[in-house]
There are 4 protein chains.
Amino acid sequence: MSAPQNDVSDWWTTSIIDMAPGQIRLRGHPIQDLIGSITFPQMIWLMTRGDMPSDGQAQLLESALVAAVDHGPQAPSIAVARMSVTCGLGLNGAMANAVNMLDDVHGGAGEQAVELYNSIANAKNNGTTLQQATAEVIDMWQVSRTPFIPGFGHRFHKPEDPRAPRLLSLVDEAAALGIVDGKFADIGRAVQTLMNERKGRPVPMNIDGATAVIYAELGFTGPLARGLFCLSRSVGALSHAWEQMQQGGRNKGPTPPAYRWTYDGPNPIED
Amino acid sequence: MSAPQNDVSDWWTTSIIDMAPGQIRLRGHPIQDLIGSITFPQMIWLMTRGDMPSDGQAQLLESALVAAVDHGPQAPSIAVARMSVTCGLGLNGAMANAVNMLDDVHGGAGEQAVELYNSIANAKNNGTTLQQATAEVIDMWQVSRTPFIPGFGHRFHKPEDPRAPRLLSLVDEAAALGIVDGKFADIGRAVQTLMNERKGRPVPMNIDGATAVIYAELGFTGPLARGLFCLSRSVGALSHAWEQMQQGGRNKGPTPPAYRWTYDGPNPIED
Amino acid sequence: MSAPQNDVSDWWTTSIIDMAPGQIRLRGHPIQDLIGSITFPQMIWLMTRGDMPSDGQAQLLESALVAAVDHGPQAPSIAVARMSVTCGLGLNGAMANAVNMLDDVHGGAGEQAVELYNSIANAKNNGTTLQQATAEVIDMWQVSRTPFIPGFGHRFHKPEDPRAPRLLSLVDEAAALGIVDGKFADIGRAVQTLMNERKGRPVPMNIDGATAVIYAELGFTGPLARGLFCLSRSVGALSHAWEQMQQGGRNKGPTPPAYRWTYDGPNPIED
Amino acid sequence: MSAPQNDVSDWWTTSIIDMAPGQIRLRGHPIQDLIGSITFPQMIWLMTRGDMPSDGQAQLLESALVAAVDHGPQAPSIAVARMSVTCGLGLNGAMANAVNMLDDVHGGAGEQAVELYNSIANAKNNGTTLQQATAEVIDMWQVSRTPFIPGFGHRFHKPEDPRAPRLLSLVDEAAALGIVDGKFADIGRAVQTLMNERKGRPVPMNIDGATAVIYAELGFTGPLARGLFCLSRSVGALSHAWEQMQQGGRNKGPTPPAYRWTYDGPNPIED
């Protein structure tokens, strides 16, 4: 770019975008060559990683993006989007509050599952069986990080999260076509088997565990897995915020006004 | 849904999502029928509008989503995403701050352009020519709202924003195929002609003006046009935040530390 | 400030703060002269307005800041703060989401009430009685803006919001001491009288209506009235977020998990 | 509170606030008894901790709140507040974006310094001297967490941050009066001495290190120390956002428009 180069221009450095008046290039591609030529998931891949995915890679990414858009008004991210518009925020503010919610607990399981799977892959590379590597990494995870195994178990969807088997079958198809390796699908299933055994009941792979298989197969890092979930869930936040905007409502609290909360502090108000 | 129906369940009502253990339906479609079967833009349409777009409609929507992902670290939304990660925020927080920025000035032009185009379409329906309708609505807009005509003019891209002609040509193609009507492309060009005449110089249709043509052709409301822009720009925010995370940096202010700001208040510090 | 002056330094200009290594001046005052010497409300006044308030002015401001800190977990701002920490956000993120909620509906009534009172004051200056000015401005407000009269009426606190009479009595005391004029207390009471008459029942002045009297008496603009409310409510957001953090909980939705929502869209899941 | 008690009301439980129509109690105190009777810092203490501080405790807290309000437009929190209003956000949105920025790097040093000081206090309780305890804890911190010692060193303020000695002298005064113990002031100075020795140059205690002494002396936990910093810095965010609103400006990027950024990716645009 021909802008005056100096310490100020150098303060922000990027390999993502270059511009001159009348010209925009993303990752080196003129924008007009991308518009109408590549899909939105291809653009997401190109922007976050720098190279262009194959059609098969992009379609697998697309399936993960489609899968996680919504989990209803009980999900804090969706609830907040709806509450926001009743407080007067526009759709951008509602979406911002929703995405902000996707922190370590609400949005972190996919990121952590990618890390877990990669740890198992590394352990396996060192010569142990998949079963041994899975057991070792899970043990270490529970001791050094948290007893929660990210991506497995669901409060509501029992015995199965309907999204997981469908996503895994798409990975299997892609592996059969040589689009991905398939080893992370094996790892995900090995974790599932181990969890079922240890718990003595089905511990369903959930949306985070299943999309993490895809993200790991495609080579996305843990943090990007969370970022992609944020993109996907933004669609649900937008949809619910817009629906709430049409419904109206002012300052909608979490529950109907007649319900309040339990006060357990000093000097309660007597009936 | 078979959950206990009562005043609490009724507090949140939606036609977007239904759930039972092991089942999720979006707009009435079982989630496993959508994953791997529809594209991400089709899902965005389905979620925000309730019906399924044709392939041609979805592709036109896709082109608009692809076009607006990024405008570089000088755009406040992108700058904020990068600053956020240097302050310790994760990618969700960086994306949230970026999307929050897309308020009336930074994110509102597309929404307003859809409204402007629809006003011209309505005025034209009342029997005047396109040129008359355009002039009347622009005059009224500038008197009753603001002298800024949303979607036209660009501080940086002169004489042309490279995204606009490419997007308009895609609308023309879609109109030729009967996918859209094409009347909003005519309206957009009529505004452009009028602006050029009045200013006596090219006033390029910008990304907001061009995507608004697409959103209006596809029947999206003004607020949804903004929401779709938020989805698109989230891709750039994610990409820049992730790049900044890899670069490192702590508490990066807007300019290099040696530069400060101009103080014009009382009792300045003397050299 | 002796930093190199140029177009970059000029990009941000402020009369609030000047700095040199080892020196910070706020509104011209060395920071070490302020710390331990002025109160937090005095600092808030100094920072937002530039001059130093009298003790009486600062105490009246302080009473308004004290009054609005909390309205319980049914207030969207407080609910969001609590939900945020169960999603993994730190206290800064929880407070940010809460403050973001204080938009036109949830946080705007105080701002609008200051504007309403100032309109009445201006109308009265033109020679009409307080009653006439109040009626005229209310009529105009309801026609040109919204039927809601900001600062009056409360869904929950009937017949009286306990904060309003206490705040008004403090304004009366300050007016008796010459600290403020008292005319906005008169205006607030005139609006109350009119609203009671028109509705035929008590329409209690609420926290927004009462703090707006104080902010108007002290010369704060409407937007700053909202900003001050944001500062005050941040205390409640912090307190509730911290309490929730100690309670634990993961991804707490708005209502208990057994409750879901009402689905009114196509193809519902049958029992 | 006499609201219908059930699983819904129990979903949110708090010891902070109780309400009935016409009644609000905070930590058991009727709100009208607090308004005009206690200071804003006393309210902040009462809300976050549950008990009422002494006047001396409240004044020490107040000095810390006064000290951290602003650090100019180069601080990411302040820059973002100003950028936000030029994008169309109101003051609540600008404050929200600013507070969100106060994450682990930008807002976490105070929290971490409280933890560091408490670790040293615990180590000292085990019978070692203050110097030994300080050296041991610092060593362990640098090995197990990060080489950064939170609260010490400043990019800009050399050799001294003007806020730190003033705040420490207020702690000394309070300790002399028996309001606080003074042991954390000793600990802070011991860290300073050690850092100076190890670095061979003055490593000034900064605002985070100094306010952490106060928060630790007053018994605030680490997370609350960050929360209190958020409250304090919100004042600066509000002031700068309001100043920017009066100045105008649209979509102000971080640097003047003529400057862009450095592109280091593939296929750059040639001059």
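Chain A is the first sequence line, chain B the second, and so forth, proteins listed ahead of strands; every chain is numbered from 1.
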Task: Under 4.5 Å from any heavy atom of chain C - which part of D/Ile16 - done: both
TODO: With the side chain counted from C-beta on, respond yes when D/Ser239 and C/Met43 share a heavy-atom pair under 4.5 Å apart, and no when they do not.
DONE: no
- [ ] Evaluate the side-chain proximity of D/Val99 to C/Val99: yes if any heavy-atom separation is below 4.5 Å, no if none is.
- [x] no
- [ ] Measure C/Ile35 against the heavy atoms of chain D and call it side chain, backbone, both or neither at under 4.5 Å.
- [x] both
TODO: Heavy-atom distances under 4.5 Å only: say whether C/Gln59 touches chain D with side chain, backbone, both or neither.
DONE: neither
Task: Student check: side-chain heavy atoms of C/Thr39 and D/Pro41 closer than 4.5 Å - done: no
- [ ] Select one option (side chain, backbone, both, neither) describing which atoms of D/Gln42 are under 4.5 Å from chain C's heavy atoms.
- [x] neither
- [ ] Identify which part of D/Thr221 has an atom lying under 4.5 Å from any heavy atom of chain C, answering side chain, backbone, both or neither.
- [x] side chain
- [ ] State the CD-OG1 distance between C/Gln247 and D/Thr13, to the nearest 0.5 angstrom.
- [x] 6.0 Å
Open item on the list: Measuring from atom CG of C/Leu91 to atom CZ of D/Phe229, what distance do you get when rounded to the nearest 0.5 angstrom?
Closed with: 13.5 Å
Task: Close side-chain approach of C/Leu61 and D/Phe40, heavy atoms under 4.5 Å - done: no
Open item on the list: With a 4.5 Å cut-off on side-chain heavy atoms, are C/Met83 and D/Trp12 touching?
Closed with: yes
